[in-house]
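Quick notes on the structure that follows.
Order of the sequence lines fixes the chain letters, A, B, ..., with proteins taken first and strands second; residue numbering starts at 1 for each chain.
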Amino acid sequence: MAARKSAPKKTAKSNTSKEELLEYYREMLLIRRFEEKSGQLYGMGLIGGFCHLYIGQEAVVVGLEAAAKEGDKRLTSYRDHGHMLACGMDPKGVMAELTGREGGYSRGKGGSMHMFSKEKHFYGGHGIVGAQVPIGTGLAFADKYLDNGGVTFAYFGDGAANQGQVYESFNMASLWELPVIYVIENNQYAMGTSLQRASSTPDIYTRGEAFGIPGEAVDGMDVMAVKEAGERATEHCRSGKGPYILEMKTYRYRGHSMSDPAKYRTREEVQKVREERDAIEHVRELLLQGKHTSEDDLKAIDKEIKAVVNDAAEFSKTSPEPALEELWTDIYA
Amino acid sequence: MATEVLMPALSPTMEEGTLAKWLVKEGDEVQSGDILAEIETDKATMEFEAVDEGTIGKILIAEGTEGVKVNTPIAVMIEDGESADDIAAASAPAATPAPEAAAPVAEAPAAAPVAAQPITPVVAADPEVPEGTEMRSTTVREALRDAMAEEMRSDDTVFLMGEEVAEYQGAYKVSQGLLDEFGAKRVIDTPITEHGFAGLATGAAFGGLKPIVEFMTFNFAMQAIDHIINTAAKTRYMSGGQMSCPIVFRGPNGAAARVGAQHSQDYAAWYAQIPGLYVAMPYSAADAKGLLKTAIREENPVVFLENELLYGQSFDVPVMDDYAIPFGKARIWREGSDVTIVSFGIGMKYALEAADELAKEGISAEVIDLRTLRPIDYDTVVNSVMKTNRCITVEEGWPVASIGNHITAQIMERAFDYLDAPVINLTGKDVPMPYAANLEKLALVTTAEVIQAAKAVTYR
């Protein structure tokens with residue numbers, strides 16, 4: 001067992017191809033533009049209730065999805081739009097769920113926090129902080145029981161890391177050597193409470209030590225560092241050594257939810273991260289610096305993504321509300 | 001002076017046990033702490049130690065004797081200078097027979113109620129069981145185990161997890177023998193971590209398995225109730241029907257005996273409120289088996305509420321290849337014409353006792369066991385009330401927002417004009433469960449209260 005901090009990696013790895021970088025760029029940009037559009041639709045009253053945007057954290061899911069294999073499972077908290085897009089779910093279906101329409105992944109009955117896709121092995125979308133951790137551990141239990149070689153990515157935040165059920169899960173996952181990767185997306189704030197004010201230790205990745213679970217801290221703003229860490233974690237799990245912890249040091253640019261006035265941090269703090277650590281800008285610079293691609297090529301991608309997001313938004317507005325009979329369906333099999 | 005060694009109570013609910021083996025013989029000298037005998041309770045075989053030093057003067061109960069009541073003298077110890085001959089022949093009470101089996105099907109037709117004339121209670125047959133089916137006397141405990149074993153044999157994805165379910169053979173011996181037959185992969189001892197393993201099992205159900213989660217008691221499931229309700233019950237709906245959660249949460253529910261407020265709560269009404277859950281609460285061994293088999297096959301999450309005091313009770317269980325009872329069908333245990341008594345779980349014990357007593361006074365009670373609390377078989381209740389025009393409900397849980405309240409509301413809506421008296425809801429008292437024996441008795445619903453209520457609604 002080893003708890004360690006990965007060295008920050010700010011240069012392109014020799015084993016990262018131009019195609020891969022372009023793919024990361026495209027996927028991260030899709031999430032960002034999608035979330036920006038969600039914020040806009042929320043402001044227009046088309047999306048209701050709670051809506052938690054993922055802007056700033058895109059490199060975490062995109063990097064880890066690059067390390068996943070077909071059949072691997074993933075689940076997360078209520079800040080889930082990015083995870084769904086990264087695992088290949090249709091932006092139209094996600095956006096239409098946000099607007100509560102028939103064309104949504106849960107046919108309008110789940111909303112922003114509750115979406116699932118069996119096809120893409122996305123197991124939610126969970127609204128209770130920390131609840132997804134034992135559930136994800138159970139998915140890994142099923143994989144081991146069925147001996148199918150699958151790995152589960154259980155994402156949770158720095159806030160959820162203080163829930164007791166997380167440690168109940170760590171204990172059982174380690175005891176039974178379950179193939180689960182605990183991905184702690186440490187975006188520094190549990191709603192409005194900073195990590196320093198909520199955690200007795202600054203490094204959450206060390207919290208598996210007592211259970212014999214190796215953990216590492218990763219620069220969650222560097223998609224390539226994330227992918228490499230993901231590969232180490234999946235290899236550990238697939239070789240039957242049990243769970244693994246990845247603490248992604250990341251940052252959320254927007255508020256906790258749409259109704260968050262964000263008085264707990266300064267504008268300057270947010271601005272500084274955007275300017276110095278932005279994951280998408282980082283990949284963009286690498287592509288341009290190495291003359292792997294041109295401004296025009298990237299502009300074409302931007303345009304393409306914009307069209308995808310606009311289509312999703314249009315679909316989410318035109319898809320009808322669920323039929324009234326839907327109130328009574330899907331309660332029992 | 002010779003002292004009697006009495007049959008000890010080795011668990012909160014033990015009333016009798018088997019004197020499995022003597023480890024001393026007459027004339028042996030024993031020290032305090034020496035093991036005198038092995039005593040088998042309904043839960044386990046336990047060693048019984050000497051409290052005082054002395055000589056075993058006489059053994060009063062031979063080894064192998066079953067049904068030895070607690071506090072029966074089982075041996076006599078003598079001190080120095082005394083001889084075994086000094087002991088007056090102690091009168092060892094004869095062993096009592098096993099707990100009463102379910103009453104046989106009566107042949108008498110329903111007697112017309114005649115005031116103050118005794119009537120013969122009409123015991124209704126179970127319509128699920130074909131006539132002529134062989135019946136075998138089985139405890140509720142064995143019936144539950146048989147249901148799990150049968151379903152585990154037919155479906156490899158069914159597994160059992162919980163505290164002490166495997167190597168210990170079950171805290172209440174319900175899972176006895178399952179580890180031997182199915183192995184550690186499918187019969188899994190968990191750490192004491194209810195919140196965690198309930199969530200883990202729910203995830204395993206999403207992942208394609210069919211978990212049976214045993215809570216040592218449902219009191220401990222409060223640690224896990226978020227996963228039972230927010231995760232297991234709601235996910236199908238929240239996913240627009242995509243996700244399935246075939247899981248059974250089972251274990252003893254309600255008061256046992258003298259275990260105090262934190263271990264004596266009936267959760268029937270709590271879980272019955274939740275859309276997305278099924279809730280079963282069997283009384284008899286046959287229902288325990290048939291309903292649990294249905295629960296394990298369900299694609300939906302099921303809360304299965306058992307009762308520790310019923311585990312050791314024997315009932316006739318039909319010998320059938322596949323005895324599964326559908327949810328949402330009440331069973332009429334006694335047919336009657338004067339008053340409908342609606343109950344479930346251990347409440348049925350009081351309801352049936354009361355019906356028999358009422359019959360002696362010429363009051364004909366129809367006794368309905370709801371068996372499942374979600375869904376509830378309203379039709380059977382309402383049809384009965386339309387016939388008897390009177391109803392009382394019996395349950396162990398608290399009075400506020402009880403199952404009885406809900407049944408009463410349904411009767412008001414559907415059979416108001418048929419009622420000749422207000423419906424009475426008998427429940428546990430509105431207090432945390434006290435420890436003192438007399439207060440505990442007072443806190444629980446009793447047969448006497450059922451009789452009194454039946455008389456009140458029939459104006460006798």
Okay, B:L277 and chain A: the region with an atom under 4.5 Å from a heavy atom over there is backbone

What's the separation between atom CG in B:N230 and atom CD1 in A:I128, rounded to the nearest 0.5 Å?
4.0 Å

Residue pair A:H114, B:K234: steps toward the side chain to side chain contact (heavy atoms under 4.5 Å, CB included) verdict
CA-CA 10 Å; A:H114 308 297; B:K234 296 180 184 173; over 6 Å; no

For the aromatic rings, using the six-membered ring if either is Trp, is the centroid distance between B:Y278 and A:Y332 under 6.0 Å?
yes

So which part of B:E194 gets closer than 4.5 Å to some heavy atom of chain A, the side chain, the backbone, both or neither?
backbone

Heavy-atom pair of closest approach, residues B:P191 and A:L175:
CG-CD2, 4.0 Å

Taking all heavy atoms of A:S106 and all of B:S239, pick out the closest pair and write down the distance.
OG-CA, 3.3 Å

Are more than 12 heavy atoms from other residues, nucleotides or ligands located less than 6.0 Å from atom CD of A:E321?
no

Under 4.5 Å from any heavy atom of chain A - which part of B:T231
side chain

How about B:Q242 and A:Y105: do any of their side-chain heavy atoms sit closer than 4.5 Å?
yes

Non-hydrogen atoms of B:Y237 and A:L327 that approach each other most closely
OH-O, 2.8 Å

Does B:E181, at its CD atom, have more than 12 non-hydrogen atoms belonging to other residues, nucleotides or ligands within less than 6.0 Å?
yes

Using a cut-off of under 4.5 Å for heavy-atom pairs, which of B:G276, B:P301, B:G241 has the most such pairs with chain A?
B:G276

